[in-house]
Amino acid sequence: MEMETEVSGEKEKKQIVVLLIGPPGSGKSTFCDSVMKSPHRPWSRICQDIINNGKAGSKSQCLKMAIESLKEGKSVFIDRCNLDKEQRSEFVKLGGPQVEVHAVVLELPAQVCISRSVKRSGHEGNLQGGRAAAVVNKMLRSKELPKVNEGFSRILFCYNDADVENAVKTYSMLGPPTRIMNFFKKVSAVPASSSNEATNDATTPKANEKTEIVRVSPSKKLGSVVPTLAFPSISTADFQFDIDKASDIIILSLVKAKASRKNIDSGRFFTFVGDITKLHSQGGLHCNVLANAANWRLKPGGGGVNAAIFKAAGPDLEAATRARANTLLPGKAVVVPLPSTCPLHNAEGITHVIHVLGPNMNPNRPNYLNNDYTKGCKILREAYTSLFEGFLSTVQDQSKLPKRINQATMSDSGAEDSERNKKYKGLQDKARTNNLESGSVDDAGDSGKKMSKGWSSWALALHIIAMHPEKHENVVLESSDNIVVINDQYPKARKHVLVLARQESVDGLEDVGSANIQLLEEMHDVGMKWIKRFQDEDASLIFRLGYHSVPSMRQLHLHVISQDFESDHLKNKKHWNSFTTSFFRDSVDVLEEVKSQGKANVESEAVLKGELRCNRCRSVHPNIPKLKSHIRTCPSQFPHHLLQNSRLLARPESSN
DNA sequence: GTTCTAGAAC
DNA sequence: GTTCTAGAAC
């Protein structure tokens with residue numbers, strides 16, 4: 001759009017081709033007429049119904065006229081139904097360096113369109129009266145919603161009259177230039193819809209956190225889409241990072257970014273005040289990449305930007321995020337392609353969300369830096385660098401990037417980190433040499449892995465059984481309204497069963513809160529009952545009852561597992577460490593924590609990579625076979641910690 | 001040579 | 001989560 005190209009420092013004012021998309025009676029012509037009342041920009045309405053000397057004409061006539069209008073410097077409305085991709089494709093091709101192509105979709109209820117068409121008289125295309133209903137219905141059956149990958153640089157959906165009114169306003173306002181703002185100024189909260197301008201009044205940063213956005217456009221253009229990143233200030237709200245120090249960092253980062261990368265020009269940055277999830281619909285800005293000031297668990301919720309973005313994107317973003325990473329280290333970023341089904345993708349044209357985690361100065365959150373601003377600034381700088389690199393990778397070729405960047409560790413293992421970065425950078429560099437299209441929706445698809453809710457198909461098995469135990473009678477040992485008990489399909493010990501929670505949306509320990517205390521107690525009791533049953537058969541069996549900190553499979557499940565670990569299915573380090581390190585959270589501890597603090601502590605997945613230690617004497621073993629042969633005969637008592645609070649469940653007569 | 005791990009694919 | 005397998009470790 002004009003305002004966008006101006007603020008990004010480009011001299012040319014782009015013309016626009018707007019394809020109205022909607023059945024007869026959806027208000028296409030009215031839309032055009034309303035916008036054209038505005039004096040700001042010359043428009044030409046190209047209506048197929050009248051193009052032929054007042055009579056209906058052809059698509060090619062419309063195209064021809066569109067080209068002529070564009071030559072005259074006008075922007076054009078393509079006022080025809082444009083209901084499927086094929087009907088639209090020729091018009092989309094009108095886009096180029098000087099011309100953007102937009103879609104305005106009038107998705108009003110069919111009833112509304114039909115009744116309007118039926119009632120109206122003197123319609124240009126003579127579609128009125130009784131015939132209209134049949135035509136509208138037929139058209140709606142074959143309609144195909146537009147996608148960004150058809151070549152639109154912007155798609156606007158209108159579901160009701162208010163949406164239409166807003167859209168009219170947006171297009172009517174095209175013309176007046178937007179001021180380029182001083183970078184990262186503290187700004188007062190301006191209602192998002194009222195203005196793109198930021199005032200310079202300094203007020204409390206927190207109030208503005210959600211609405212303060214900076215935009216970057218690399219100069220390299222791909223087709224008619226200008227890759228654009230919108231990002232909030234990182235670490236300043238929830239993480240209580242001093243905003244002045246933060247603003248110094250980001251300017252430094254930008255200068256550095258500018259110096260090191262020719263394709264980012266710092267002149268293309270500006271600040272926008274508004275809702276980051278409505279940049280397009282409210283702000284009229286086109287940003288295809290959103291940065292999210294994420295939390296380390298990459299979960300929705302919290303406050304501000306993170307909550308807003310996850311809410312606007314819906315479960316699709318959660319799913320896509322899960323497919324890339326489970327957690328994030330401070331200073332790191334992870335690029336998540338948004339599925340085209342996502343509302344943010346469709347309505348706002350967002351193709352990628354980049355989660356960034358900055359340093360934390362908030363004592364109530366993990367990795368609290370205790371006002372160590374030396375360290376904090378370093379991490380913040382790193383965070384912005386990661387963000388820009390991530391953004392660059394979306395401009396470059398996505399498909400060459402690692403499918404999943406594993407940042408599942410909270411530890412400060414520097415060596416491991418730099419190793420991983422090297423790997424990641426290597427792949428990025430490689431990607432840069434491939435001059436492929438950017439931001440294509442299809443890039444987001446990852447090799448056939450179907451993800452309904454962030455879990456691969458294999459990870460849904462427990463969920464499926466928990467939801468419908470009656471369909472899996474062959475594997476279900478016991479079920480009630482709240483729980484299902486099954487044998488672990490690959491038992492890691494002589495006795496290994498799972499108590500599944502049946503409640504929807506409690507996928508793992510991290511989703512558990514005070515509301516689930518009863519459920520946790522029932523799961524615990526059921527687990528205890530099975531332990532008793534097993535020990536009645538074999539009194540020498542010793543059990544632990546607990547959860548994995550980060551489960552591989554969806555649906556909260558309690559492991560009831562004997563401590564012999566005598567099983568051919570126990571094959572690797574991850575298996576062993578997931579049951580014998582702090583990654584395994586004893587049910588008694590989980591219950592106590594949820595009762596006292598409203599949530600359970602979880603251990604980082606990093607511990608799974610640690611040494612192989614005997615679960616009794618804690619001796620270290622070089623590999624799994626050696627470890628296994630040791631534990632068969634280790635005579636030691638279990639560690640003291642496990643003998644407390646009934647963490648270890650043994651029959652009194654068998655002392656170990 | 002064999003054993004074992006770790007990463008990719010599923 | 002498992003399976004498969006290349007190549008590291010021995």
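Here is how names work: the chains are called A, B, and so on, in the same order as the sequence lines, proteins then strands, and each is numbered from 1.
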Engineer: What nucleic acid atoms does A:Leu462 come within less than 4.0 Å of, heavy atoms only: base, sugar-phosphate, or nothing?
Structural biologist: nothing
Engineer: Could you tell me whether A:Glu504 and A:Arg554 have a side-chain N and a carboxylate O separated by less than 4.0 Å?
Structural biologist: yes
Engineer: NA contact type, A:Lys626, heavy-atom cut-off 4.0 Å: base, sugar-phosphate, or nothing?
Structural biologist: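 The answer is nothing, as A:Lys626 stays clear of every strand by at least 4.0 Å.
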Engineer: Atom pairs under 3.5 Å, N or O on each side, protein against nucleotides 3-10 of chain C: can you list them with distances?
Structural biologist:
unit_1	atom_1	unit_2	atom_2	d
C:dT3	OP2	A:Lys571	NZ	3.1

Engineer: Assess whether a salt bridge exists between A:Lys599 and A:Glu593, defined as any Lys/Arg side-chain N lying under 4.0 Å from an Asp/Glu carboxylate O.
Structural biologist: no
Engineer: Please work out whether the ring planes of A:His548 and A:His557 are parallel, tilted or perpendicular, with thresholds of 30° and 60°.
Structural biologist: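 Geometry flag for A:His557 against A:His548: perpendicular rings.
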Engineer: NA contact type, A:His548, heavy-atom cut-off 4.0 Å: base, sugar-phosphate, or nothing?
Structural biologist: sugar-phosphate
Engineer: So, using ring pair (Phe, Tyr, Trp, His ring centres under 6.0 Å) as the criterion, who are the partners of A:His575 when residues are at least two apart?
Structural biologist: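 With neighbours one apart ignored, the set is empty.
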Engineer: Determine, for A:Asp586 against A:Arg544, whether the closest basic-nitrogen to carboxylate-oxygen distance falls under 4.0 angstrom.
Structural biologist: yes
